[in-house]
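Structure, as structure tokens:
These numbers were taken from a predicted model, which means no experiment stands behind them. Chain letters run A, B, ... following the sequence lines, proteins first and then strands; every chain starts at 1.
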2 protein chains.
Amino acid sequence: MTAPDPPSSRDRILEAARRLFHEQGFHATGISTILRESSANSGTLYHYFDNKDALLVGVLEYYTRLLHPAVMGPVEQATGDGIERVFILLQNYRDGLASLDFRMGCPIGNLALEVADDHAAARDLIVRNFENWAANVHAWLESARDRLPFSTDLAAMSRFILTVMEGGMMQARAARDIAPMDQSIAHLRAYFDLLQTQAAAERTARGGNSPGDRS
Amino acid sequence: MTAPDPPSSRDRILEAARRLFHEQGFHATGISTILRESSANSGTLYHYFDNKDALLVGVLEYYTRLLHPAVMGPVEQATGDGIERVFILLQNYRDGLASLDFRMGCPIGNLALEVADDHAAARDLIVRNFENWAANVHAWLESARDRLPFSTDLAAMSRFILTVMEGGMMQARAARDIAPMDQSIAHLRAYFDLLQTQAAAERTARGGNSPGDRS
DNA sequence: GCGTAAATTGAACGATCAATCAAATGACCG
DNA sequence: CGGTCATTTGATTGATCGTTCAATTTACGC
């Protein structure tokens, strides 16, 4: 059992930038603060990153790598039920927000609204993070395919779930009150319950058309 | 018919700040830009506003005043149906985002994620804007009370609708593609359809318990 | 131990930041 | 016209912004 390597300068800088961007936002975080918090010098930072935007890209790539190990993996460990996974995932975000005194919220969502219009490379990575998140949830939903109505668009549903997470966190964070997020999750749960009821009716009816089918 | 008064210096500054905060965000907007765009001098700005934060507060108060005349009123003109109003409102946000080439998004939501943690006064106004928005939608839903299941929490539902709007806009804006928002709205519509079907069943059953009731 | 490249140091740069203030001008009242 | 207060001017402040770079130290193959 060897002692873990001390984190490299590059990693310390990246981790400080990640944390500060999350705590304060991109524009509100100065390079000097990142240097102080990572015990690095400006020359070292600019040795590894061309400029502040490249640092942001590095942070977003880090989040991309982290998505499954840190976010999706634990949920998949908790249960094999695709639908239950969705609500464990949302509950994890909920608990994380409340445990941090309603500060910070979703780092990707924050950056999406702050920098998406101006930083093309960052925007691409933000979009990719959203896509990976939704694709993972989509796979969960596919595993519960037979418990949902035949006509339900599961890709759109995974987007909808991300919508509920981001919109709920935005309101709960602003209000410093978890209620808006809990209420949003509760309505998503009610929606799933109705869909499952409908799917059960479909199964007994053997392919009869469904009440919510708007085609 | 008299010619309208030319806007006062204070109004020009406020309008420039509002637009620039919306286009670029709060931290990314410099005082000097606001001065240039409003053709004012720094002394004039600081005569009316103590500092940049007070200017932000002024902008948020302006949004508060604007909510009903500019956002809710037109929807209420379009139809008297409480449920249909919800989807016209969402469609208006959707069309606004698409017509601006997926830039900017909801100004309140942007500020919520950028400044909510640090600026107490701004946070209060952001919360109030969300509350007013949800309260207005809540009133619409109450007017359709008998078409929704008895047990449905309409206050929570109005929060849920705001969640769908903000979360959908976030994704659509980042992706520069309206699809994630349309998909989210479509699922909200499917949810409402199921609720209305359930409510109709309740009415014929005269108070029987409902499938989605999770008490 | 030597040579070379990578990594690190930290002072310094020009630009821009939010904010100040004494002086000038404008509006309104008696 | 004189007096008074609100408004506007714009040069200027010190701080902080992101960034540069020549010099120095460290790491590593031969």
Side-chain angles (χ1 to χ4, degrees), chain A residues 2-60 62 110-111 114-115 117-123, chain B residues 2-60 111 114-115 117-123:
Chain A
T2 63
D5 289 340
S8 70
S9 293
R10 196 188 125 95
D11 286 346
R12 277 184 293 114
I13 290 167
L14 212 45
E15 169 56 21
R18 185 205 60 77
R19 182 172 54 80
L20 289 164
F21 290 167
H22 192 191
E23 288 175 2
Q24 324 184 24
F26 177 71
H27 288 106
T29 298
I31 299 282
S32 64
T33 308
I34 297 171
L35 296 175
R36 176 164 25 87
E37 303 273 311
S38 62
S39 302
N41 294 99
S42 63
T44 300
L45 189 150
Y46 282 95
H47 174 72
Y48 291 108
F49 303 97
D50 283 350
N51 48 43
K52 197 185 177 186
D53 284 3
L55 189 51
L56 173 63
V57 166
V59 165
L60 285 166
Y62 179 70
N110 297 350
L111 291 171
E114 191 185 352
V115 308
D117 284 349
D118 298 318
H119 301 63
R123 212 195 81 235
Chain B
T2 63
D5 289 340
S8 69
S9 292
R10 188 178 192 278
D11 287 345
R12 277 184 293 114
I13 291 167
L14 213 44
E15 169 57 21
R18 185 204 62 76
R19 182 172 53 81
L20 289 164
F21 289 168
H22 193 192
E23 288 175 3
Q24 324 185 25
F26 177 71
H27 288 106
T29 298
I31 299 283
S32 64
T33 309
I34 297 172
L35 297 175
R36 175 165 24 88
E37 302 275 310
S38 62
S39 302
N41 294 98
S42 61
T44 300
L45 188 151
Y46 284 96
H47 174 74
Y48 291 108
F49 302 96
D50 283 351
N51 48 45
K52 197 185 177 186
D53 284 4
L55 189 51
L56 174 61
V57 166
V59 165
L60 285 165
L111 292 171
E114 189 184 355
V115 307
D117 285 347
D118 299 317
H119 300 64
R123 212 196 80 234

Checklist outcome for this item: Given protein heavy atoms under 4.0 Å, the one-letter contact record of nucleotides 10-15 of chain C, with B base, S sugar-phosphate only and - none, is simply BB----
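OP1 or OP2 of C:dT16 has not a single side-chain nitrogen or oxygen of B:Ser32 nearer than 4.0 Å.
Looking at heavy-atom distances under 4.0 Å, B:Ser8 makes no contact with the nucleic acid at all. No contact: B:Thr33 has no heavy atom under 4.0 Å from any strand.
Across all non-hydrogen atoms, the minimal contact from A:Leu60 to A:Leu111 is CD2-CD1, 3.9 Å. Summarising the geometry of A:Ser9 relative to A:Thr44, their closest heavy-atom pair is CB-CG2, 3.9 Å, with the distance given to 0.1 Å. Counting all heavy atoms, side chain and backbone alike, A:Ile34 lies closest to A:Thr29 at CG1-CG2, 3.8 Å. A:Val57 and A:Ala122 make their closest contact through CG2-N, 4.3 Å (heavy atoms, listed as atom of the first residue, atom of the second, distance).
Using a 4.0 Å cut-off between charged nitrogen and carboxylate oxygen, A:Arg12 and A:Glu15 do not count as a salt-bridge pair. A salt bridge links A:Arg19 with A:Glu37: the distance from a Lys NZ or Arg NE/NH1/NH2 to an Asp or Glu carboxylate oxygen falls below 4.0 Å.
In this structure, A:Ile34 atom CD1 and D:dG18 atom P are separated by 8 Å, rounded to whole Å. For A:Ile31 and C:dT16, the CD1 to C1' distance is 15 Å, given to the nearest whole Å. In this structure, A:Asp118 places its CG atom 15 Å from P of D:dG18, rounding to the nearest Å. One can place CG of A:Leu35 at 11 Å from P of D:dT19, the figure rounded to the nearest angstrom. Taking atom CD1 of A:Ile13 as the reference point, atom C1' of D:dG18 lies 15 Å away to the nearest angstrom.
Aromatic ring centres of B:Phe26 and B:His119 lie closer together than 6.0 Å.
The 5' end of DNA chain D is approached more closely, in terms of each residue's nearest nucleotide, by B:Ser39 than by the other of B:Ser39 and A:Gly30.
Proximity of A:Leu55 to A:Leu14: side-chain heavy atoms (C-beta onward) are separated by under 4.5 Å at one or more points. Proximity of A:Ile31 to A:Lys52: side-chain heavy atoms (C-beta onward) are separated by under 4.5 Å at one or more points.
Proximity of residues 45-53 of chain A to DNA chain C (heavy atom under 4.0 angstrom from any strand atom) is restricted to A:His47, A:Tyr48.
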